[in-house]
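Every chain is numbered from 1, with letters handed out A, B, ... down the list of sequences.
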Number of protein chains: 2
Amino acid sequence: MSRDTTGQLASAAAASPLQIDLARRILERIRDSGWAVGTRVSVPDLARTFGVSRSPVSAALELLVAQGILAGFETRGLQLARDVAEIDPEDILPSSPLEDLYRRMMRDRSLGELPQDVSEAELMPRYEVSRGVIRKLLLRFAAEGLVQRLPGHGWRFAESLVGEDAYRESYEFRIVVECAALRSPMFRADPQLLAPVRRAHERILSTILEGKSLASGDEWFRVNASFHEGLAACSGNRFLADAVRQQNNLRRLQESAGFEQLPGERLEQSCREHLAILGAVEAGETEWAEALLRQHLRQASEFASPARAP
Amino acid sequence: MSRDTTGQLASAAAASPLQIDLARRILERIRDSGWAVGTRVSVPDLARTFGVSRSPVSAALELLVAQGILAGFETRGLQLARDVAEIDPEDILPSSPLEDLYRRMMRDRSLGELPQDVSEAELMPRYEVSRGVIRKLLLRFAAEGLVQRLPGHGWRFAESLVGEDAYRESYEFRIVVECAALRSPMFRADPQLLAPVRRAHERILSTILEGKSLASGDEWFRVNASFHEGLAACSGNRFLADAVRQQNNLRRLQESAGFEQLPGERLEQSCREHLAILGAVEAGETEWAEALLRQHLRQASEFASPARAP
DNA sequence: TAGTGCATTTTGTGCAAATGAAAAGCACAA
DNA sequence: TTGTGCTTTTCATTTGCACAAAATGCACTA
C-alpha cells in the first residue's frame, strides 16, 4: 500500500479541514475517556457532541479506520481497534497546508525575506497559491493585529511581529481576566469541568517524569489552554470565559510558529503549578488559588518574552 | 442638472469607497486648517499626506468640484471655491450601501427577525445582495465578536445581552477590564485622544441644559462608547482596549432595536460622571478616577437591568 | 522644481459556473 | 428506539474571467 510523504494513506480521498479536526478531537476524546478496545463508536453521538452533522463525522472515522485505530464490526458499525494512549494525533493526521503557509510566511517576514509592505499579487507567485488563499491568510494576520490593510493597494506588516509589547500586554490582560474569574462572586469549581483537565495534566507530568519528551509541543499548548479556559469557565461569567478563550486562539498559531521549544524543566514546573492551582480551587481556597495563578502567569511572562509560554 | 435621492450629482461616475473616504478627509483637513478661498489644492501633496497614489485623490477632488467646493483655476489646477466651515461632510457625500446593510442586519437580529443561527444562502435572497456582500458583512460582525462561524455550515450570532444574567456578567466584566485599564502600568492620559471625547460630552451636556432633547439616541450611545473606549485606549494595552470595544459592540447590537430611552436626568448624571472621571484622569489621579469609574459602572448596572445604560 | 493631465501598467474586486463538502432524509437492521 | 448506510438536497468554497480602481510613468507647463 503506497504512502505519501506525510505517512498518510495515499489512496484516501483528500480530507477536508473539518474532517481532520474532528478526527483529532475524536481521538483525544477516546483517549481522555479511556475507552476500552472493542467499544462501539457511535456516529450520531459524536455528531451531537461536536455540533455537526453525521457526514463529516463519518469521514473523520474513515480516516481513523485507515490508520488502523478503528475497525468495522463483523456485522456493521465501528469499534475501537487498539489502545490509543500512546498515539499522538499530530503524527498520523494530515497537516493543513494553510497552517503550514501561515508559519512559513511568518518566518519569512521575521527573517526579513518579506518586505514590510506586500501586495497580494506579489505573494501569489511567491508561495504558489491562489489569491483566495493569500487573502484568507492576510485576513487572519490582520485579525491578530500582525498586519494591516493600506488604503488603496497592499498590506503592511506590523513593526514588531511577535514583539515584546504584544507579549507583555497579553500577559497583563490574562492576569487581569483570569484573576477576576477566580474572584467572581459566581465562581463555582465544577468537578465535571476540571477533572478531565487534572487528568490531562497528570498524564503529561508522568510522561515527563518517565524521561520521555512530549509527543508534540502542540499537545502541551492544548492542555495549557484547557486549564486556563476551564478555570475561566468556572467563573460563571461568559465574558471572562470568552476573553480567555479568545486569547488562547490568538496565541495558538503564533506559538506554533515560534522557534524556541519550552525546556522540559519549565514545562514540568508549569504543570505542577497548574495542579497546585487546581488543588486550591477544588478545596475552595480561591484566594490562595488566585495568588498562585498570578504568580504563575507572571513567571511565565518573565520566562518567555518572545518565546512559547505556559 | 439632475440629482439623485441622496442629493448627489447623478451624472458623476460611481465613486469608490476610498474616493469617498478621501473626499471626506480632505474636506475635514481643509476645514480644520482654515484654508482661505482661492487657496491652491495640490494633488501630490494630498496623496503624500494620506499615503495613497494620485489617482484616488484626483477622483476625490472631482467629487468636491461637483459639489462646488473646489473649482478649476482659469489656467489649470484646482482651488478652494468657498468657505467650508459650515459644511457637514455627511450631508454631501454618498453613503455606503454596505454600511446601511450593516445596520439593517443588526437591527433585524436584535428584533428577533433573524434567528440566532443563519446561513449565507439564507441571507442572500433576504437582503437581495450577492454572496460576496453577505460574506464581507459577516466577517465584519465576526471581527467585532458579534457573530461566529459554526463548524460545518452557518454562522451564529453572539448571545445577546437579554436576561438578567447576561447584564450582570457584562457589567462585572466591564468593571474588571476598565478598572484594570486605569491601573495599567503603561497608562498615559493622551490629550489628543481624550480632548475630543471631553468636547463631545460638553456639547451633549449643554444641549440637555438648554432643555432640548438629544438629536438622536444613537448620539449618546456613540459618545458613551467613545468615552469608555478612549479610556481603555489610554491603557496602552490593545487587549484591554479590544475587550471594551467588543462589549460596546454587543451593547450596540442590543440597542439597535432602540426603543428604550434613557431618561434625561440619568443621562445628565452619566455625562457629569464621565466628565469627572476625565478630569481625574487628566490630573493624573488615576486611583480616584478608578474609584469613580467603578462607582459609575455599578450605578449604571443597578439603574438599568434590561434597558439602555451608560 | 513641483504640479498637471493623460496614458500605461499593476493590482484588486465582483460575478458566475463548477466543484466539493455538509446537512437532511429515508429504508432497514440490530 | 437507536444506529447504519446510502441518497438527495442544500450550502459553501474555488476558480477563471471581465472589469474597476489604484499606482506609476512621461511629456509638458507654470
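- Looking only at distances, no side-chain donor or acceptor of A:Gln247 sits under 3.5 Å from a matching main-chain atom of A:Val244.
- A:Ser33 places no side-chain N or O within donor-acceptor distance of the main-chain N or O of A:Ile30, the cut-off being under 3.5 Å.
- The distance from atom CG of A:Leu18 to atom C1' of C:dG20 is 13 Å, rounded to the nearest whole Å.
- Taking for each of B:Pro151 and B:Pro44 the nucleotide of DNA chain C with the nearest heavy atom, the 5'-most of the two is the partner of B:Pro44.
- Rounded to a whole Å, the CG atom of A:Leu150 is 16 Å from the C1' atom of C:dT10.
- The distance from atom CD of A:Gln79 to atom P of D:dG3 is 17 Å, rounded to the nearest whole Å.
- When each of B:Ser53 and B:Gly152 is assigned the nucleotide of DNA chain D bearing its nearest heavy atom, the one mapping closer to the 5' terminus is B:Gly152.
- Per the geometry, CG belonging to B:Asp117 stands 18 Å off P belonging to C:dA22, to the nearest Å.
- Between B:Val52 and B:Glu120, the one whose closest nucleotide on DNA chain D sits nearer the 5' end is B:Glu120.
- Between A:Ser16 and C:dA21 there is no side-chain N or O to OP1 or OP2 distance below 4.0 Å.
- In this structure, A:Ile20 atom CD1 and C:dA22 atom P are separated by 10 Å, rounded to whole Å.
- Although no hydrogens or angles enter the test, the distance criterion places no donor-acceptor pair under 3.5 Å between the side chain of A:Glu128 and the main chain of A:Pro125.
- For the pair A:Leu78 CG and D:dT4 P, the computed distance is 7 Å after rounding to whole Å.
- Looking at heavy-atom distances under 4.0 Å, A:Arg40 makes contact with sugar-phosphate atoms alone, never a base.
- Within 4.0 Å of B:Val129, counting heavy atoms only, lies no atom of the nucleic acid at all.
- With rounding to whole Å, A:His153 atom NE2 is found 11 Å from D:dA21 atom P.
- In this structure, B:Arg54 reaches the bases: a heavy-atom distance under 4.0 Å links it to at least one base atom across the strands shown.
- Contacts of A:Val118 with the nucleic acid, taken as non-hydrogen atoms under 4.0 Å apart, are absent.
- A close approach under 4.0 Å does occur between a side-chain nitrogen or oxygen of A:Lys136 and OP1 or OP2 of D:dT14.
- Among the heavy atoms of the strands lying under 4.0 Å from A:Ser130 are primed sugar atoms or P, OP1, OP2 only; no base atom is included.
- Regarding A:Arg76, its CZ atom lies at a distance of 15 Å from the P atom of C:dA27, rounded to whole Å.
- Looking at A:Ser55, its side chain comes within 3.5 Å of the base of C:dA23 through a donor and an acceptor atom.
- Looking at heavy-atom distances under 4.0 Å, B:Glu122 makes no contact with the nucleic acid at all.
- Residue B:Arg135 is classed as a sugar-phosphate contact, given heavy-atom separations below 4.0 Å to backbone atoms only.
- Between the side chains of B:Arg252 and B:Asn249, a donor-acceptor pair is found at a separation under 3.5 Å.
- OP1 or OP2 of D:dT2 has not a single side-chain nitrogen or oxygen of A:Arg48 nearer than 4.0 Å.
- Contact check, B:Arg149 against C:dA22: no side-chain N or O comes under 4.0 Å of OP1 or OP2.
- A donor-acceptor pair under 3.5 Å links the side-chain atoms of A:Gln19 to the main chain of A:Ser16, judged by distance alone.
- Among the atoms of the strands shown, none is found under 4.0 Å from any heavy atom of B:Gly132.
- Look at A:Arg131 and you'll find a side-chain N or O under 4.0 angstrom from OP1 or OP2 of C:dG12.
- Within a 6.0 Å sphere centred on CZ of B:Arg103, heavy atoms belonging to other residues, nucleotides or ligands number 12 at most.
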